[in-house]
Amino acid sequence: MTWTSTMSSGYSSLEEDSEEYFFTARTSFFRKPSGKPTQCKDVEQERELRTHLSKEEIRQKVVLYNSSSKDHLKMTLNPSGVYTGFIKVQLELRRPVTVRGGQGGEEAFYLPQGAINTLHISSNNTVRQVIQALLTKFTVADNPAKYALYKRCRRDEQEYMCKLSEGEHPLFLRLLAGPNTDTLGFVLREQQTGEVMWEAFSIPELSNFLRMLEKEETERVCSVTRRYDNYRLKLQEAMRAAGGPG
């Protein structure tokens, strides 16, 4: 996979079955949806449905999708039966990532919470490839296996969160759900493995994490010190105004 970037957009290409597919990424920000997500387990059902849809059924769904879309993010069906379109992925990463620097070095960096990246993908692209494309866009050096793609959906005023397997095809899920992102959204998160497995990180990554923690600790100490300095000054001013010892 190769990647070049201009402004806030990036392009990468994959070669799959002797054809070329393109990722296009754009970043925007939105308010994080409220409500506690729960789990849903219908990935197997959707995978089975994918294998049973004919080319004509796919064509009809693409036409219906495009007629329902309220923006320019349409799907395009190719003669081969492969279709291309757009998905939006929200970033919900709690830990810093290791980013490649301009001089070949690496540093720890927090990606913006709630950022949305719009990816142009094909129906053949898998969850694993989508994750790799997102990491490449942000020049993240971490192992893609540390991350997972989830789908967020709403049913009967309830919000559900379901982890997708690496072999799932996000654009097919987008096609089934329609263009409404309130009905279905995609979220990139760290793998949920309980306790952090520090042995999975390299020494440079761990060193970067330590530097980040030390920086946060210093900033926090300075913030608390400034606050109590202000309290002390106000207290001294109040005592002087009351005629007490300053």
Side-chain angles (χ1 to χ4, degrees), residues 8-12 14 16 19-35 37-92 114-127 129-131 133-134 137 149-165 167-189:
S8 61
S9 298
Y11 302 88
S12 69
L14 299 181
E16 180 175 314
E19 295 185 68
E20 218 172 28
Y21 304 102
F22 296 91
F23 290 98
T24 305
R26 293 194 301 276
T27 304
S28 60
F29 297 87
F30 77 132
R31 187 180 299 275
K32 185 177 179 180
S34 59
T38 53
Q39 296 293 323
C40 65
K41 297 181 179 179
D42 55 355
V43 176
E44 293 295 333
Q45 179 181 353
E46 288 175 346
R47 184 186 294 113
E48 182 178 355
L49 178 61
R50 172 183 169 85
T51 62
H52 285 81
L53 288 181
S54 65
K55 287 186 178 181
E56 177 59 23
E57 289 172 322
I58 291 292
R59 186 192 68 79
Q60 293 175 0
K61 287 185 177 296
V62 169
V63 171
L64 179 61
Y65 183 97
N66 289 338
S67 65
S68 302
S69 178
K70 293 180 171 52
D71 53 32
H72 63 284
L73 303 181
K74 310 291 186 180
M75 290 197 184
T76 302
L77 180 62
N78 299 323
S80 64
V82 174
Y83 51 96
T84 59
F86 298 85
I87 63 170
K88 296 181 179 181
V89 182
Q90 180 186 359
L91 302 182
E92 288 187 359
I116 298 180
N117 285 268
T118 302
L119 302 178
H120 185 222
I121 64 176
S122 85
S123 55
N124 285 344
N125 292 141
T126 63
V127 164
Q129 292 169 330
V130 167
I131 293 174
L134 287 168
K137 178 190 185 303
L149 190 68
Y150 289 76
K151 70 173 184 177
R152 174 187 285 141
C153 51
R154 290 184 175 87
R155 297 174 187 167
D156 302 325
E157 299 183 355
Q158 291 280 342
E159 185 175 89
Y160 300 87
M161 189 74 76
C162 179
K163 179 182 175 181
L164 299 175
S165 66
E168 287 296 298
H169 298 81
L171 192 61
F172 177 71
L173 302 180
R174 180 78 278 160
L175 179 65
L176 290 181
N180 189 349
T181 54
D182 289 334
T183 303
L184 172 71
F186 295 103
V187 181
L188 182 70
R189 290 181 168 182

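Bear in mind the structure is a predicted one, so any value in this text is a computation, not a measurement.
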Checklist line | Shortest non-hydrogen contact between Val89 and Leu119, atoms and distance | finding: CG2-CD1, 4.3 Å
Next item on the list: Output yes when a side-chain donor or acceptor of Arg174 lies under 3.5 Å from a complementary backbone atom of Leu184, and no otherwise.
Entry: yes
Check: From Gln60 CD over to Lys55 NZ, what is the distance, rounded to the nearest 0.5 angstrom?
Finding: 15.0 Å
Note to self: Between Asn78 (side chain only) and Ser80 (backbone N and O only), is there a donor and an acceptor less than 3.5 Å apart?
What the structure shows: no
Next item on the list: Applying side-chain contact (heavy atoms from CB on, under 4.5 Å), name anything that partners Glu57, two or more places apart in sequence or on another chain.
Entry: Leu53, Ser54
Notebook entry, point to check: Do you know the tightest heavy-atom contact between His169 and Thr126?
Noted result: NE2-CG2, 4.0 Å
Checklist line | Phe86 CZ to Asp71 CG distance, which is reported to the nearest 0.5 Å | finding: 9.0 Å
Check: How would you list, by chain and number, every residue that makes a side-chain contact (heavy atoms from CB on, under 4.5 Å) with Ser67, sequence neighbours excluded?
Finding: Leu64
Note to self: Taking the side chain as everything from C-beta on, heavy atoms only, tell me whether Tyr83 gets closer than 4.5 Å to Leu175.
What the structure shows: yes
Next item on the list: Over all heavy atoms of both residues, which pair between Tyr150 and Arg189 is shortest? Give the atoms and the distance, please.
Entry: CE1-CB, 3.9 Å
Checklist line | Shortest non-hydrogen contact from Ala177 toward Thr183 | finding: O-CG2, 4.1 Å
Item checked: Results of side-chain contact (heavy atoms from CB on, under 4.5 Å) for Lys74 - residues two or more places apart only -> Asn66, Ser69
Note to self: Between Asn125 and Leu171, is the side chain to side chain contact (heavy atoms under 4.5 Å, CB included) condition met? List the steps.
What the structure shows: CA-CA 8 Å; Asn125 292 141; Leu171 192 61; over 6 Å; no
Notebook entry, point to check: Atom OG1 in Thr181, atom CZ in Arg154: separation rounded to 0.5 Å?
Noted result: 8.5 Å
Next item on the list: Quick one: pull up NZ in Lys88 and CD1 in Ile116 and give me the separation to the nearest 0.5 Å.
Entry: 6.5 Å
Notebook entry, point to check: Which heavy atom in Leu149 sits nearest to a heavy atom in Ile131, and how many Å separate them?
Noted result: N-CD1, 3.8 Å
Checklist line | Spacing of Glu168 atom CD and Lys151 atom NZ [to the nearest 0.5 Å] | finding: 8.0 Å
Check: Counting distance only, does the side-chain N/O of Ser123 pair as donor-acceptor with the main-chain N or O of Phe172 below 3.5 Å?
Finding: no
Next item on the list: Verify side chain to side chain contact (heavy atoms under 4.5 Å, CB included) between Leu164 and Leu173, making sure each step is shown before the conclusion.
Entry: CA-CA 10 Å; Leu164 299 175; Leu173 302 180; 3.8 Å; yes
